[in-house]
Amino acid sequence: MSLSSICCGNFHLLRNLIGNTCNIRLLKYHSRSIFETLLSIRRHQSRPLSTTVLARSTRKGSKQSFSNSRHLHVESVESSIEVFKQPELEQLKSLHTYKEKFSGVKTEWPATILVFDIETTGFSRREDRIIEFAVRDLMGGKNSTFQTLINPEKDVRNTYIHGISNSMLCRPDVPRFGDLIPILLQYVWSRQMDGKPVLWVAHNGRSFDVPFLFFEFQRCKVEMPGDWLFVDTLPIARQLVDSEGSKLSSVSLEKLRERYKIPLTGSAHRAMQDVTTLCYVLQKLTFELKLTVPQLLEKSFRATDLPATRSDK
DNA sequence: GGCCCTCTTTAGGGCCTT
């Protein structure tokens, strides 16, 4: 079972659903179809968010209770109709039909595959903080994406990298990471299949994204679910060779995007844009290297397996 | 900081992430 083949319809959807992102919108499930959503106009709204989540713990019978009641900024950015031309709209209609027809394939996946990316205030997992989180479920469909800015409660000094400034984050309606955890857990459980793990995918995740995420959970004194597995596309990409059989000099996400001729549809170094790029790269990468989902699972690791997450580091 | 490569392993430089 290759990732590119089972995702065929969904990757096409990805290309067309780039604007179908949501910030904490997952708490409100829409009854609208994908097609109807695509026709929605761009809009921004702010509404009170109050949620209590019972978190499943890795320890049997143990549950953690989270309670949040904050007025959070909810930004819903959906694709405008003028973005799509008629042939693309017709294609979307057919893809929607395709997805409904083959929705049963979801039960055959060995794991929920979530591609994610973070933006941070710097490279130090101990001194810096996550300021943006974005994730996309490869299964696609309604609420398949999730993204939010995060108040790091410290100055952002690398705005020139991602364009995220203090004024965008230091607001009472932007959640802190502790506020986000129960919402994130709820999102993941809404996507997770019974008895199957969640496979998080990130580029350079082993050294960067996963330790960052782990330490944010640790700071908030919340245990990361034991059935969360991670896979890093960087060492996988290092297996690629050029036309002369030599290894690539660079396997950055940007170079991989260029290699596979993936169009840049937004600002690089924004979390959801990089997630979208990585979704395409993952498809191309697994196809080129003939990697299956079970093989990806074999390459996975837990956050606690990493040397970076040991207490003495 | 972790990983990979090589002019290497008793080391050092470069890539990759923000």
Side-chain angles (χ1 to χ4, degrees), chain A residues 114-136 147-170 174 176-177 180 200-219 229-242 244-260 262 264 266-282 284-285 289 298-313:
Chain A
L114 301 178
V115 176
F116 81 107
D117 186 52
I118 58 174
E119 301 302 321
T120 69
T121 58
F123 290 122
S124 171
R125 62 180 72 98
R126 291 199 179 276
E127 296 179 10
D128 291 306
R129 296 289 184 273
I130 298 175
I131 56 173
E132 188 176 39
F133 183 92
V135 59
R136 185 184 289 275
Q147 68 171 341
T148 185
L149 292 172
I150 300 166
N151 186 340
E153 299 177 290
K154 65 174 293 185
D155 276 349
V156 179
R157 300 177 186 277
N158 58 348
T159 300
Y160 66 96
I161 294 290
H162 37 57
I164 302 171
S165 63
N166 284 313
S167 62
M168 295 166 66
L169 302 173
C170 298
V174 173
R176 296 163 298 183
F177 198 87
L180 176 65
W200 296 84
V201 181
H203 198 60
N204 200 25
R206 189 178 188 88
S207 298
F208 186 75
D209 302 75
V210 180
F212 248 106
L213 198 60
F214 179 86
F215 277 104
E216 291 283 17
F217 268 76
Q218 196 172 58
R219 258 191 292 275
L229 304 175
F230 298 89
V231 68
D232 186 352
T233 49
L234 183 64
I236 297 173
R238 284 188 172 129
Q239 298 172 28
L240 294 171
V241 293
D242 59 21
E244 298 176 350
S246 302
K247 290 195 172 182
L248 305 182
S249 58
S250 171
V251 288
S252 68
L253 190 59
E254 175 63 15
K255 290 295 181 186
L256 293 172
R257 189 185 66 77
E258 292 174 4
R259 173 185 175 89
Y260 292 127
I262 299 166
L264 187 62
S267 303
H269 290 301
R270 284 303 296 264
M272 185 51 80
Q273 173 57 51
D274 287 352
V275 163
T276 302
T277 299
L278 185 55
C279 285
Y280 283 116
V281 165
L282 180 64
K284 298 286 189 181
L285 196 59
L289 296 174
E298 287 174 11
K299 295 177 182 293
S300 70
F301 54 89
R302 286 184 172 80
T304 49
D305 295 338
L306 298 177
T309 61
R310 291 177 191 155
S311 58
D312 58 338
K313 289 275 184 177

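Letters go in sequence order (proteins before strands), and every chain restarts at 1.
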All N/O pairs under 3.5 Å across the protein-nucleotides 14-16 of chain B interface:
unit_1, atom_1, unit_2, atom_2, d
B:dC16, OP1, A:Ser250, OG, 2.9
B:dC16, OP1, A:Val251, N, 2.1
B:dC16, OP1, A:Ser252, N, 2.9
B:dC16, OP2, A:Ser250, OG, 2.8
B:dC16, O2, A:Asn204, ND2, 3.1

Note: for A:His269 and A:Lys247 on DNA chain B, the residue whose nearest nucleotide lies more 5' is A:Lys247

Basic-acidic side-chain contact under 4.0 Å: A:Lys299, A:Asp232: no

In whole Å, what is the span from the [atom1] atom of [X] to the [atom2] atom of [N]?
X	N	atom1	atom2	value
A:Ile118	B:dT18	CD1	P	8 Å
A:Leu213	B:dG1	CG	P	19 Å
A:Phe116	B:dT18	CZ	P	11 Å
A:Arg206	B:dC3	CZ	P	5 Å
A:Asn166	B:dT18	CG	P	19 Å
A:Gln239	B:dC4	CD	P	10 Å
A:Phe214	B:dT17	CZ	C1'	19 Å

Notebook entry, point to check: A:Asp209 near the nucleic acid: base, sugar-phosphate alone, or nothing, with a heavy-atom cut-off under 4.0 Å?
Noted result: nothing

- Item | A:Phe177 six-ring centre to A:Arg219 NZ/CZ under 6.0 Å and within 45° of normal | no

B:dC7 to B:dG2 separation - P atoms, rounded to the nearest Å: 26 Å

